[in-house]
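Here is how names work: the chains are called A, B, and so on, in the same order as the sequence lines, proteins then strands, and each is numbered from 1. All values below were derived from every heavy atom in this structure, side-chain atoms included, with hydrogens, water molecules and symmetry-related copies excluded.
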Amino acid sequence: MAKRDLATLRHSTAHILAQAVKELFPKVKLGIGPSIPDGFYYDFEKKEPFTPEDLKRIEKRMAEIIEKDLPFKKRMLEREEAQRLLKRDKERFKLELLKGLKGKRISFYATGDFNDLCKGPHIKSTKEVEAFKLTSMAGAYWRGKETNPMLQRIYGTAFFTKEELDEYLRNIEEAKKRDHRKLGKSLDLFSIHDEAGAGLVIYHPKGAILRKIIEDFIEEEHEKRGYQSVITPHMYRIDLWKRSGHYDFYRQLMYFFEIENQEYAIKPMNCPGHVLVYKSKIRSYRDLPIRYFELGTVYRHERSGVMHGLMRARGFTQDDGHIFCTPEQLKEEIEKAVFFALDILKTFGFGYKLILSTRPEDYIGSKKNWEQATEALKEALKESGLDYEIAPGEGAFYGPKIDIQIADALGRLWQCSTIQVDFNFPEKFNLSYTGRDGKRYRCIMIHRALLGSMERFLGVLIEHYGGAFPVWISPVQVKILPIAERHMEYALEVKGRLERENLRVELDSRNEKIGYKIREAQLEKIPYMLVLGDKEAKSGSVALRLRSEEDLGQVKVDEFVSKVSREIKRKKN
RNA sequence: GCCGAUGUAGCUCAGUGGUAGAGCAACUGCAUGGUAAGCAGUAGGUCGCCAGUUCAAUCCUGGCCAUCGGCUCCA
């Protein structure tokens with residue numbers, strides 16, 4: 001084995017899992033069992049799903065196999081021989097895999113009596129697996145296709161040492177504490193109700209403040225960069241959706257209804273509205289590029305089972321912008337948009353990953369336009385010198401796109417920013433501008449959202465900060481904690497002073513002990529706690545405690561105000 | 001949508017074929033307390049929804065809804 005290769009170790013552990021399953025459930029058929037970033041899985045075809053008890057038994061059997069110190073033996077078989085073997089065992093999925101393999105000789109790996117089609121490499125012996133654990137169980141389509149049969153997937157992980165495994169499991173627990181759904185509840189930010197509908201987010205006052213601050217921020221940044229705000233309706237007659245192509249390509253995700261014999265649909269995207277603004281008069285090349293911006297709320301009928309708190313909702317608000325430009329301006333506009341997005345993400349201290357998505361199977365427009373658009377995106381990425389990956393076939397139905405993904409607490413990646421070129425909309429709506437020569441030219445349209453949606457972005461943000469938001473976006477920035485009732489008067493005075501400085505302040509006026517008040521403020525993850533007692537009242541100061549548990553002692557009120565104001569202004573992370 | 005699990009008080013969770021409990025929170029009172037939970041009392045539940053089995057269902061069966069872990073799809 002390549003020395004200490006985690007992927008090899010994990011893949012080998014997947015073999016041991018399959019071996020254990022085969023020993024305990026001989027009728028089970030095998031799918032595939034690769035290593036993945038966090039561990040490994042193996043897919044099985046089995047009528048009755050595995051139970052949690054089964055997992056325990058399997059885990060135990062795996063430990064026994066490991067104890068046996070079985071060597072991984074590689075065998076090269078002639079294709080015909082391999083086929084005969086797999087046919088004999090009725091391994092229909094493996095047979096399908098075999099068909100896809102090139103070459104005459106096929107490699108198998110055996111541990112004891114268990115034999116698996118596999119290109120390797122593997123560890124030397126089962127005994128090398130020191131630390132493993134089966135983590136979960138789920139259904140998964142064969143080869144990831146929805147139309148294929150569903151197999152039972154068992155997930156697990158393996159490490160070289162017990163300590164590493166324990167640390168991994170601890171990290172998972174830590175990440176769970178940061179789950180935005182949990183924090184959203186405990187910090188009183190938002191809620192989602194069965195009664196109101198799945199995937200529909202209701203913001204509580206603190207969540208609304210958080211969102212509003214970020215909305216104001218993003219709106220300002222757009223204005224600084226030459227975007228004009230527009231406001232468009234939440235629904236249109238289906239005539240518009242037919243013209244835009246959404247009726248044909250996006251219908252299954254849209255909500256329709258009929259009033260007085262007219263059919264309407266709620267908007268799943270903001271583009272048609274912006275296009276109508278553009279079309280409202282004749283545009284000249286001198287006007288371009290035109291950039292429209294809107295915090296546009298859209299509704300998409302996401303299939304049940306895909307919702308995920310704020311990260312995946314049915315109603316969400318995009319920081320949506322549409323740029324109308326000439327072909328000559330395209331590249332520069334894309335570059336500007338990419339750097340704009342990265343600038344915003346930097347403000348929040350995010351890491352990110354750029355992805356170029358190309359033409360999907362279902363698409364509108366000509367192949368030539370698609371190629372041209374994809375090229376423009378590539379060029380822009382190249383010139384900006386940024387690393388990116390390519391996701392073939394992942395583009396939107398109307399054009400290729402550059403996506404930016406950021407990671408949540410559990411390392412799951414979420415697409416937030418997206419920048420999409422569109423040659424098709426301009427054709428469908430006959431969008432044009434008058435050139436220098438007086439002739440009409442077709443303009444190009446760019447769709448782009450930087451935060452993506454307020455919902456998803458807030459979800460990622462909550463997990464990113466673990467609920468301990470930087471002061472500038474904290475729903476409550478300061479909490480005043482008077483020690484006894486006789487300090488209320490001074491507490492109110494300080495509160496008034498801070499409010500005049502536009503700080504978001506709460507006063508805990510309850511008749512409780514200071515330790516109790518601190519505990520609550522701490523759980524609410526409020527950045528600054530001001531403890532007020534006799535000493536503070538006398539000297540016109542506050543005893544400053546941070547949520548990091550640091551006690552900064554007595555500070556003059558003025559000093560505190562200027563310290564906090566500075567941090568807010570700098571948007572300190 | 002698919003596979004599996006789950007759904008009991010505001011929150012976190014026990015529990016049983018004979019219509020339910022704990023801790024925290026809430027409310028009331030006592031205590032006026034200096035950096036993560038003071039004490040006592042009170043109130044709070046169509047046991048997700050709808051059917052069925054049963055003398056009797058929160059518990060058993062079926063359907064639906066929602067949530068969680070995945071798959072698929074996506075901002």
Open item on the list: Do S539(A) and K556(A) pair up side chain to side chain, a donor and an acceptor below 3.5 Å, judged on atom types alone?
Closed with: no

- [ ] Identify whether any heavy atom of A138(A) sits under 4.0 Å from a base atom; if not, whether one sits that close to sugar-phosphate; answer base, sugar-phosphate or nothing.
- [x] base

TODO: Heavy atoms under 4.0 Å is the rule here; annotate nucleotides 22-29 of chain B 5' to 3' with B where the base is hit, S where only the sugar-phosphate is, and - elsewhere.
DONE: ---SS---

Task: From G70(B), G33(B), A66(B), nucleotide with atom closest to Y155(A) side chain - done: G70(B)

- [ ] Give the nucleotide from the list C74(B), C3(B), G1(B) with an atom nearest to the side chain of M150(A).
- [x] C3(B)

TODO: Using a 4.5 Å cut-off on heavy atoms from C-beta on, say whether the side chain of H301(A) contacts that of Q252(A).
DONE: no

Open item on the list: Please confirm whether the ring centroid of F40(A) lies under 6.0 Å from the ring centroid of F132(A).
Closed with: no

Task: Side chains of T232(A) and E294(A), donor plus acceptor under 3.5 Å - done: yes

Task: Dot-bracket line, read 5' to 3' along RNA chain B, where crossing pairs take [ ] and | marks a partner on another strand, Watson-Crick or G-U under 3.5 Å - done: (((((((..((((....[..)))).(((((.......))))).....(((((..]....))))))))))))....

Task: Nearest to side-chain heavy atoms of Y141(A), which nucleotide of U35(B), C2(B), G69(B) - done: C2(B)

Open item on the list: Can you build the contact string for nucleotides 41-50 of chain B? Use B for base contact, S for sugar-phosphate-only contact, and - for no protein heavy atom under 4.0 Å.
Closed with: ----------

Open item on the list: For E45(A), run the salt bridge (Lys or Arg N to Asp or Glu O under 4.0 Å) check against R92(A), K29(A), K22(A) and tell me which one passes.
Closed with: R92(A)

Open item on the list: Applying a 4.0 Å non-hydrogen cut-off, can you work out what K401(A) is touching in the nucleic acid: base, sugar-phosphate, or nothing?
Closed with: sugar-phosphate

TODO: With P as the reference atom in both, quote the distance from U58(B) to C49(B) in angstrom, rounded to an integer.
DONE: 10 Å

Open item on the list: Looking only at the aromatic ring of each residue, does the gap between the centers of Y155(A) and Y42(A) stay below 6.0 angstrom?
Closed with: no

- [ ] Check whether NZ of the Lys or CZ of the Arg R251(A) lies under 6.0 Å from the centre of the six-membered ring of Y247(A) and within 45 degrees of that ring's axis.
- [x] yes

Task: Sub-4.5 Å side-chain heavy-atom contact between R448(A) and T418(A) - done: no

- [ ] Flag as yes if F316(A) stacks onto the base of A75(B) (centroids under 5.5 Å, planes under 30°), otherwise no.
- [x] yes

Task: Spacing of the P atoms in C50(B) and C39(B) (rounded, Å) - done: 41 Å

Open item on the list: Atom NZ of residue position K525(A) - does it have more than 12 heavy atoms of other residues, nucleotides or ligands inside 6.0 Å?
Closed with: yes

